[in-house]
Amino acid sequence: MSSENQTNRPDKGSYSDKFKTLIDLAFIAFCAGLSMFYLFTGNTTELEFREIVLPLLIFSAIGWLVYIILRLILKKPRKAAILSGIVMAVVTNAGMLYDKLGYVLVLIISTVFIAAVFVVVLRFLKPGVAAKIEYIAAGVLAGLILFNTIISVPQLIENKKLSGEAADKAASLEQIEIPAQYSSKQSDLSNIYIFIFDELAGSQCMDEVFGYDNTWFYNDMRELGFSVSDDCTNHEQFTMETLSGLFSLEYAFDYDTYGAFACRERFEDARFFHIMEDIDYDLYETEVSGFVDFEPRMQYGKNRKYHTTEDGSTTVEVIADRTLFGPAADALGIFPDTYKLYDEILTYYTLPESYTYENALTFTYICCPHAPFIYDINGSPVDKEHSMDWTDSKYFLEQYEYMCKRITQAMDGIVENDPDAVILVLSDHGVKANKHLWDGPQTTYEQSTDTFFAVYTGGRDDLGDISGLCGANVLRTVMNKEFGFELDMTAVPGN
């Protein structure tokens, strides 16, 4: 019996040690990822779980590396796990205090707190007590994550259901026949350029809300050969609602009925893009929002496939800003600098060497003049403290005017270097109502849906008077005049 016991004990100890190590690793991952799970479960109507996977793995891996180092140094696995978990909990949440305390003070407090924890754990915490604390904490954290995941399941199921309903609705829309001349897919096609400038408001909104006369911009675009739609509206106040309807060629999708996910999917899979592919266009993009999944035309503008917040940040950037590494990530340029990115994209179209594509539809989305405010009227950077400042309308107005000037320069470059092109310059909505902003202006529904839409067709066809047409009907008019479709105008939805 004694011999058997001695034979079994090493195996038993080995399995026990492996299990304890798994608990260590799980505890550290829970500490590193709890705030990310809360971000996801608190925004299940907009976020997908895949958006937190990468940062979750990165910070868990950092925590595990700290654990391995401490375990080798201390020779005490449970204490190493507790210390690593606390370090990662501080690292992944300290950034939430930046706005109130400032980065330097947060860094000092975090450092002092971590040092104090090390002293207490190493000098006063007994190994047996450390193990009990770790196991209890791991259980609590696992329970919190499991509970929040469970309560999120109904919304995730609802998201899937609504996406399916929206897909069925898209399939039931009127069939659009491709004109016979494109059946062979050997036609000589004019390049198409689509530019969406978020919150590029129309004349009514700019005049009534801000007292700003933007007729100079309309006139500059007309001098370049564009037809500009006065009183254009897209009938919705949010980007994905607007764009899913516009590029589906009728306003069939909205947040209230289908939710944000479904509207986003309907835009990415919009039938306008499929029709252009059927005609034999190659689809490209120079945008970074992840709204479409076309071939990148500019590497710096490569698709990021992450949800974009109201202030233009992606999910990964939001998570990074919550961490102790947020300022360092900004300083090192880990995330694309939108100030430079927008400048690069618009400059790209002024360069003759950019025009080497044929049969190309290029989609560009720029979250500007929408906040955050990054340009003043001369294109110089705006102080970060004013990036979301709606208390003084000058920040929006200066960015609006600067962006309008950059738009005309870029369009002038396309007209000069690709004069046969079809160019669509539009916005999704005007300035949204006060409840959707931070101390922003009061706007009516009509003002917030008043938008800009201009079309250039290489001088081949006169589009006629497109003023007063909604965005979807402007697009239908272009398809009729430029490509020979026979589309009736779609019904305009009510408020």
Side-chain angles (χ1 to χ4, degrees), residues 189-203 206 213-230 232 234 243 246-247 276 281 283-288 297-298 301 338 341-358 360-370 375 377-379 399-428 430 451-464 466-467 469 471 474-475 477-479 481-482:
L189 300 171
S190 300
N191 290 326
I192 300 176
Y193 302 86
I194 300 173
F195 291 88
I196 298 172
F197 295 92
D198 206 313
E199 213 159 76
L200 184 66
S203 293
M206 295 304 295
D213 183 0
N214 66 353
T215 54
W216 66 269
F217 175 51
Y218 282 61
N219 292 336
D220 285 353
M221 293 294 285
R222 288 186 173 113
E223 287 181 10
L224 290 174
F226 282 80
S227 298
V228 183
S229 174
D230 292 315
C232 183
N234 281 316
L243 299 184
L246 196 156
F247 287 95
M276 293 299 105
Y281 274 99
L283 306 187
Y284 298 91
E285 60 165 305
T286 61
E287 57 102 24
V288 295
R297 182 162 171 169
M298 292 175 62
T338 51
L341 177 60
Y342 299 160
D343 176 72
E344 180 178 340
I345 289 175
L346 293 173
T347 300
Y348 173 84
Y349 288 102
T350 66
L351 305 175
E353 56 268 29
S354 302
Y355 297 90
T356 60
Y357 292 78
E358 295 181 351
L361 182 154
T362 303
F363 177 90
T364 300
Y365 168 85
I366 291 179
C367 188
C368 198
H370 191 291
Y375 300 109
I377 197 168
N378 299 311
Q399 180 156 280
Y400 181 95
E401 184 167 326
Y402 172 75
M403 188 53 55
C404 289
K405 292 176 181 177
R406 292 301 306 273
I407 291 170
T408 55
Q409 291 171 2
M411 297 311 114
D412 186 35
I414 299 176
V415 170
E416 180 178 351
N417 293 286
D418 195 358
D420 294 329
V422 174
I423 313 171
L424 310 177
V425 180
L426 61 140
S427 183
D428 44 2
T451 187
F452 180 86
F453 205 139
V455 182
Y456 175 85
T457 55
R460 289 177 296 279
D461 291 306
D462 181 8
L463 289 179
I466 58 174
S467 295
L469 293 181
V474 172
L475 197 53
T477 300
V478 173
M479 294 172 69
K481 294 284 189 176
E482 182 65 21

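What's counted below: heavy atoms across the whole structure, side chains too, no hydrogens, waters or symmetry copies.
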Self-check item: Spatial distance of atom CG (Asp418) from atom CD1 (Ile192) [nearest 0.5 Å]
Solution: 11.0 Å
Quiz item: To the nearest 0.5 Å, what is the distance between CE (Met411) and CZ (Arg406)?
Solution: 10.5 Å
Quiz item: Under a 4.5 Å cut-off applied to non-hydrogen side-chain atoms, are Ile414 and Asn191 in contact?
Solution: no
Self-check item: Distance, nearest 0.5 Å, that separates CE of Met403 from CD of Glu199
Solution: 12.5 Å
Practice problem: Would you confirm whether Ser229, through its side chain, and Phe453, through its main-chain N or O, come within 3.5 Å as a donor-acceptor pair? | Solution: no
Quiz item: Less than 4.5 Å apart, any side-chain heavy atom of Asn219 and any of Arg222?
Solution: yes
Quiz prompt | Any donor-acceptor N/O pair, Tyr355 side chain to Tyr349 backbone, under 3.5 Å | solution = yes
Quiz item: Okay, side chain of Thr350, backbone of Gly413: is any donor-acceptor separation there less than 3.5 Å?
Solution: no
Practice problem: Determine whether Val425 and Met221 make a side-chain contact, defined as any pair of heavy atoms from C-beta on separated by less than 4.5 Å. | Solution: yes
Quiz item: OH/Tyr365 to CG/Asp428 distance, rounded to the nearest 0.5 angstrom?
Solution: 6.0 Å
Quiz item: Under the 6.0 Å and 45° cation-pi test, does Arg297 pair with Tyr357?
Solution: yes
Quiz item: Is any side-chain heavy atom of Cys404 less than 4.5 Å from a side-chain heavy atom of Leu200?
Solution: yes
Exercise. Return the orientation label for the Tyr400 and Phe217 ring planes: parallel under 30°, perpendicular over 60°, tilted otherwise.
Key: perpendicular
Quiz item: Do Phe195 and Ile366 touch side chain to side chain, with heavy atoms closer than 4.5 Å?
Solution: no
Self-check item: Between OG1 on residue Thr362 and CD1 on residue Ile423, distance to nearest 0.5 Å
Solution: 11.0 Å
Quiz prompt | Residue pair Leu463 / Thr477: nearest heavy atoms and the distance that separates them | solution = O-CG2, 4.0 Å
Exercise. Go through the structure and list residues passing side chain to side chain donor-acceptor pair (under 3.5 Å) with Thr364, not counting sequence neighbours.
Key: Thr286
Practice problem: Please identify each residue that fulfils side chain to side chain donor-acceptor pair (under 3.5 Å) with Tyr281, with sequence neighbours left out. | Solution: none
Quiz prompt | N/O donor-acceptor pair under 3.5 Å between Gln399 side chain and Tyr375 backbone | solution = yes
Quiz item: Minimum heavy-atom separation for Asp198 to Ser427, with atom names?
Solution: C-OG, 3.9 Å
Exercise. Please assess Asp220 against Lys405 for the test salt bridge (Lys or Arg N to Asp or Glu O under 4.0 Å), listing each intermediate value before the final yes or no.
Key: CA-CA 9 Å; Asp220 285 353; Lys405 292 176 181 177; over 6 Å; no
Quiz item: Around atom CD of Glu358, are there more than 12 heavy atoms of other residues, nucleotides or ligands at under 6.0 Å?
Solution: no
Practice problem: Kindly indicate, with the supporting measurements, whether the criterion ring pair (Phe, Tyr, Trp, His ring centres under 6.0 Å) is fulfilled by Phe197 and Phe452. | Solution: CA-CA 9 Å; Phe197 295 92; Phe452 180 86; 8.8 Å; no
Quiz prompt | Side-chain (Asp230) to main-chain (Ser467) donor-acceptor, under 3.5 angstrom | solution = no
Quiz prompt | Side-chain heavy-atom pair Thr347, Gln409 within 4.5 angstrom cut-off | solution = no
Quiz item: Judged by atom type as modelled, is there a donor-acceptor pair below 3.5 Å linking the side chain of Ser190 to the main-chain atoms of Asp420?
Solution: yes
Quiz prompt | Between OH on residue Tyr218 and CD on residue Glu223, distance to nearest 0.5 Å | solution = 15.5 Å
Quiz item: Can you tell if the side chain of Tyr456 reaches within under 4.5 Å of the side chain of Leu224, non-hydrogen atoms only?
Solution: no
Quiz item: Which pair of heavy atoms, one from Gly471 and one from Leu246, lies closest together, and at what distance?
Solution: C-CG, 3.9 Å
Quiz prompt | Side-chain heavy-atom pair Leu426, Thr451 within 4.5 angstrom cut-off | solution = no
